[in-house]
Amino acid sequence: MDAAQDFDEPFDSSSQASSTQTSTITWINWFTSLPGHDYFCEVLEDFIEDDFNLTGLQSMVPFWKEALEMVLDVEAEDDTAKIPDVTIVENSAELLYGLVHQRFILTKPGLAAMLEKYEQGHFGACPRVFCHATHVLPCGRADMPGVDTVKLYCPNCGDIYSPPSSKYTGIDGAFFGTTFSPLFFQTYSELLSAPFCPQTSTVSTPIPPASASGLDSRDPSPVPSMSARPGGETYTNPDPHGGQKSALGKVYAPRIYGFRVSERARSGPRMRWLRERPAAWEELDSVDHRGRWVGAGGVGVKEEEDVKGEKGRLFDDDDEVKEEDGAEEEEEEEEEGAKMEVAEPVKEERRIPSMPPMKVTKPKGSPGGRGKAGGSR
Amino acid sequence: MEELSSGSESDYAATWVSWFLSTKGNEYFAEVDEDYILDRFNLTGLNGEVVQEYSRALDLITDSLDDEGLDEDVREAIESSARFLYGLIHARYIITMRGLAKMLEKFRKADFGRCPRVYCYQQALLPVGLSDIPYHKAVKLYCPRCEDIYSPKSNRHGSIDGAYFGTTFPHMLFMVYPQMIPSKGQSAGEGGRLGMGMGMGSGSGNLNYGPPADVGSASTATAAMKAEKYEPRMYGFRVHEEARLSRWRLAKRDGQIARLEALERETNPPNL
């Protein structure tokens, strides 16, 4: 998937129309076919030629005019003598292209171009075993260049990974930007895994009894089609903006001699929450806007096998007063929440969520890392 | 030591085991002590697993095979049985004290690679099988920071049988060496390394030695509080559904933490 670079057909026709195309291979063709540049799609020349799309970039790219000419394969009008070194312009052209690329892939044709690359697997597959080689999408963690390299977002586990090869270490994450991958999966929600998984079996390592022959050097099942999941029937997400693909919900459970390691052990599992998802969509509602369990069900409903009596502990008597307060706040927030359909404002984020009622029950014993949330009320 | 019958490049290695370990693709394996192999008790049941040439394969591993006069096919069969047998012995050996110590050393050198997850900050990995029965699943890599498993990057490693490491190994290692459990978030020594070039090559200075800060204390109840996770944002706004899922997950996390803290208070009353 690295070497061969397909040139997207819809663009060839349009770029031919543009007057600047003299040679058979444009700078953009060449640039996107370089090794390590296979995450880039080809930005339409029309898009670059429209000054509006370049607003604000001039100040970020040195030798702006020369770089722009290079990207668009325009013959320079005056001689290039005033430029000390052509590699400087090349670097500028790369930066310019990357920043325009970040904007272009948020447009309709850009999303479509990236969709084609995504479906062909140009961005690789998730390294996580239980994502079964779900295709990943490049994303940035910053929109300004020079901050971080490109990362890969997996729409099943919702996590980001470093690219598997060092040839991508020079690719700036800003050339893809932070917005692209969420927008992509909101646009093509059939490619995003639903936030719930009906058969949330905690089984981790079933040994297939029949299929004994040969090692699967890759992963069990690449799962090409999105509806037919091994053992999973199709289901729909009631939220039309959310992921429509059946989630691959299996979570790894450590075992010693076949016995699961208890969470009571010092080395016991602490991170299952990172990969778990509720069995039903409605269960997402059981956590309110502040990340607390709604009502008395809460944790008690889904508790793991070795946690009896926790419910009683959660709702200690001295907590009752505060709980009522909390309920009022919740109502207010639900109204608020109803207004925000698709996205939520950033300001919500700092309030490290999820300090549920139990937080309140034991203020003294709480370790430093969790102090913040308690104080915020 | 006699001449070894192991394909092309056997000349430089003193023993079959050291030849095997130096072969490309076998970097995950530790050296099994000869004593361990020679103790027949440790091999109980393996003669039933290795169908062909069990005793001659064992001889080959221990460098006591007289292979003169064997034709190429037989030699080939013995060789592959020996690799298989070594793998199965290896799975048993690495969960003994000495085996764990050897694997721990390899873990410290990150011989098994590093976690691809961005928020695991180049955590060293450990090999793990998904089945203890050979020919079922290839080896996977367990990350003790995110507690998830990943496929090896390279196909050479991706085709090693997971049964040569077993399902128990990494978890046994952290049972025995709980001080090696890494912090769930960014540990102190690696602070602020977010930047260009942090990607692949820069792992060398960052071997994750020694007991990480927050696990030095006996309790890991709140370890998960330090974990970071990715939050997709569009134009700075979080995505509604993923934010809901994220809240649900964090609530699960806090539920577990509360549970564990309660348990701790039960078992160690504060006055102790």
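First the proteins, then the strands, lettered A, B, ... as listed; each starts at 1.
Taking CZ from A/R264 and CG from B/L263, the interatomic distance works out to 4.5 Å, rounded to the nearest 0.5 Å. Here the OG1-CZ distance, from A/T178 to B/R233, works out to 9.0 Å after rounding to the nearest 0.5 Å. Taken from NZ in A/K151 to OH in B/Y230, the straight-line distance is 11.5 Å, to the nearest 0.5 Å. From B/D148, atom CG reaches atom CE of A/M271 across 9.0 Å, with rounding to the nearest 0.5 Å. Considering OG of A/S267 and CG of B/L173, their distance stands at 9.5 Å, rounded to 0.5 Å. From A/W293, atom CH2 reaches atom CG of B/D254 across 9.5 Å, with rounding to the nearest 0.5 Å.
A donor-acceptor pair is defined here as one N or O able to donate and one able to accept, closer than 3.5 Å; such a pair exists between the side chain of B/T168 and the backbone of A/Y257. Between the side chain of B/Q256 and the backbone N or O of A/P269, at least one donor-acceptor pair lies under 3.5 Å. Judged by distance alone, with hydrogens and angles left aside, the side-chain atoms of B/S151 form no donor-acceptor pair with the main-chain N or O of A/V129 at under 3.5 Å. Judged by distance alone, the side chain of B/E241 and the main-chain N or O of A/G243 form a donor-acceptor pair under 3.5 Å.
Salt-bridge annotation for A/D159 and B/K229: absent, with no side-chain N of the basic residue lying under 4.0 Å from a carboxylate O of the acidic one. The pair B/R244-A/D285 counts as a salt bridge, with a side-chain nitrogen and a carboxylate oxygen less than 4.0 angstrom apart. Ion pairing of B/R259 with A/E263 is present here, as a side-chain N (NZ or NE/NH1/NH2) and a carboxylate O approach within less than 4.0 Å.
Here the closest non-hydrogen pair linking B/M175 and A/V261 is CE-CG1, 3.8 Å. The heavy-atom pair separating A/V287 from B/A251 by the smallest distance is CG2-CB, 3.7 Å. Of all non-hydrogen atoms in A/S162 and B/V118, the two that sit nearest each other are N-CG2, 3.8 Å.
Comparing B/C146, B/C115, B/P170 by heavy-atom pairs within less than 4.5 Å of chain A, the highest count is held by B/C146. Counting heavy-atom pairs under 4.5 Å between each of B/P116, B/P144, B/P232 and chain A puts B/P116 at the top. When the candidates A/L106, A/I160, A/L284 are compared by the number of heavy-atom contacts under 4.5 Å with chain B, A/I160 comes out ahead.
Relative orientation of the B/Y142 and A/Y252 rings is tilted, given thresholds of 30° and 60° on the angle between their planes.
Put simply, the side chain of A/L192 reaches to within 4.5 Å of the side chain of B/E242, judged on heavy atoms. Side-chain contact between B/W248 and A/S286 is present, with at least one heavy-atom pair separated by less than 4.5 Å. Between A/D239 and B/H240, some side-chain heavy-atom pair lies under the 4.5 Å cut-off.
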Applying side-chain contact (heavy atoms from CB on, under 4.5 Å), run through B/I149 and A/R128 and close with a yes or a no.
CA-CA 6 Å; B/I149 52 172; A/R128 182 172 170 265; over 6 Å; no
Hey, mind stepping through A/H289 and B/R247 against side-chain contact (heavy atoms from CB on, under 4.5 Å) and telling me if it holds?
CA-CA 8 Å; A/H289 210 63; B/R247 277 198 298 271; 4.2 Å; yes
Verdict with supporting geometry, B/V239 and A/H241, side-chain contact (heavy atoms from CB on, under 4.5 Å):
CA-CA 10 Å; B/V239 184; A/H241 301 288; over 6 Å; no
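Judged by the 6.0 Å distance and 45° axis criteria, B/R117 is not positioned over the aromatic ring of A/Y153. Both the sub-6.0 Å distance and the 45° axial angle are not jointly satisfied by B/R249 relative to the ring of A/W273.
A/C139 touches chain B through its side chain: at least one heavy atom from C-beta onward sits under 4.5 Å away, while N, CA, C and O do not. Of the two parts of B/V128, only the side chain, counted from C-beta on, holds a non-hydrogen atom closer than 4.5 Å to a non-hydrogen atom of chain A.
Side-chain contact annotation: A/R270 with B/T220, donor-acceptor N/O pair under 3.5 Å present.
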